[in-house]
There are 2 protein chains.
Amino acid sequence: MSKSLSSITLDSFDLAILNILQRDNSTPQRMIGEAVNLSAPAVQRRIRRMEEAGVIQANVAVVDPAQVGQSITIFVEVEVISETAELIDAAKREFASISEVQQCYYVTGEADFVLVVVVPTMNAYEALTRRLFFGNNNVKRFRTFVTMDRVKVGLAVPLPG
Amino acid sequence: MSKSLSSITLDSFDLAILNILQRDNSTPQRMIGEAVNLSAPAVQRRIRRMEEAGVIQANVAVVDPAQVGQSITIFVEVEVISETAELIDAAKREFASISEVQQCYYVTGEADFVLVVVVPTMNAYEALTRRLFFGNNNVKRFRTFVTMDRVKVGLAVPLPG
DNA sequence: CGCAGAATGAAAGATTTTTTCGCGTCAATG
DNA sequence: CATTGACGCGAAAAAATCTTTCATTCTGCG
């Protein structure tokens, strides 16, 4: 897991490749090559370069939560009491360490954190809130939004081109 | 793109495989086999079965937004005026069709929709709000949370085991 | 003009994925 | 109690993909 965080420049070939991989990274390089007008080795070199530069951060399978018994997705806005760097960092680490917390963002506005939580039951969520919020004396308050429909889910980034 | 939405049962082998693929789906089946104590073909059959059943919904590359010029991630809570089925469905379709809307959830609570928006600049966000919210007369109000730190990002589902 | 650096494609080599096939297990059945 | 069929397994072969190698092209620049 080595990271060369050297920011690289991407041309339209790279963007076209990314656009394909964002949707299906099991696409053979040969097909990608046909789509973008490059040979398979050229495609491969560009992919590896983007992986090393961190443009491609990961290659993952997307699992349907409902089919593995994790049918409840919840948004939580968290407001903290004190925003010292230490306490914020501690909160970031704690939230990030919880496997039920699928996503965590530190934000401006009427809240300080926004969490996406995935749990099997409301009981599990209730237990989590007790552990994570009531058990943390820097949490001023939190608001819960229970998802009824995951209208659009993904991590695809809109790409120029 | 055929989907057999037949819900299947997953054993501990399947869950172990999912856990690996959720983190890195470029892991060779041979290595997965070693990790879970199965042969490569057995792993392969299980993966294919889970893909056909929709347990695995997609295989994607995760792209770093900052490195493709989309450095701003924003949460938006949207509250609508009328919650008739037609209007809600129309809103779902509209939000889902916007490429800058990376994620969209229909939720209960003090808001009706939560959006995750990815844009290159605040100007682009401003333009999007005009088009999407001010230009939609069923939007009562919306609240914006600008992300300062993407503490944890992903789609990994917590798996039993 | 010529050279260095960077990227390409064709082809060969290495690895992985996929298929084939025979075996063992288990449950239902005669 | 034997038989049958469904099911999933592993070994091995076959097919496809990924990766490396290498000669070539193109560009910028001294």
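Remark: P of D:dC9 and CZ of B:F13 are 7 Å apart, rounded to the nearest angstrom. Separating the CE atom of A:M31 from the C1' atom of D:dC18 is a distance of 14 Å, rounded to the nearest angstrom. Atoms CG (B:L21) and P (C:dT17) sit 10 Å apart, rounded to a whole Å. Spacing between atom CG of A:L10 and atom P of C:dA7 amounts to 12 Å, rounded to whole angstrom units. B:D14 has its CG atom 14 Å from the C1' atom of D:dC9, to the nearest Å. One atom, CD of A:E34, and another, P of D:dT17, lie 10 Å apart when rounded to the nearest Å. The separation between B:E51 atom CD and C:dT18 atom C1' is 13 Å, rounded to whole Å. As rounded to whole Å, 16 Å separates atom P of C:dG9 from atom CZ of A:R30.
At a cut-off of 3.5 Å, with distance as the only test, no side-chain donor of B:T121 or B:N123 sits close to an acceptor on the other residue. A:N25 and B:N25 are linked by a side-chain donor-acceptor pair at a separation below 3.5 angstrom, with hydrogens and angles left out of the test.
Ring centroids of B:F145 and A:Y106 are separated by 6.0 Å or more, keeping the two rings apart. Checked against a 6.0 Å centroid threshold, the rings of A:F113 and A:F95 count as neighbours.
Distance from the side chain of A:P41 is smallest for C:dA11 among the nucleotides D:dT17, C:dA11, D:dA11.
For A:Q29, no side-chain nitrogen or oxygen approaches OP1 or OP2 of D:dA16 to under 4.0 Å. Of the side-chain N and O atoms in A:Q44, none sit less than 4.0 angstrom from OP1 or OP2 of D:dT17. Using a 4.0 Å cut-off, some side-chain N or O of A:R46 falls inside it from OP1 or OP2 of C:dT8.
Nucleic acid contact for B:P28: sugar-phosphate only, since backbone atoms but no base atoms lie under 4.0 Å from a heavy atom of the residue.
Applying the 3.5 Å distance criterion, the base of C:dG9 shares a donor-acceptor pair with the side chain of A:R45.
Shown are B:D112, B:V139, B:N136; of these, the side chain to side chain contact (heavy atoms under 4.5 Å, CB included) with B:V78 is made only by B:V139.
Nucleotides of DNA chain D nearest to A:T27 and B:A42 differ in position, and the one nearer the 5' end is that of B:A42.
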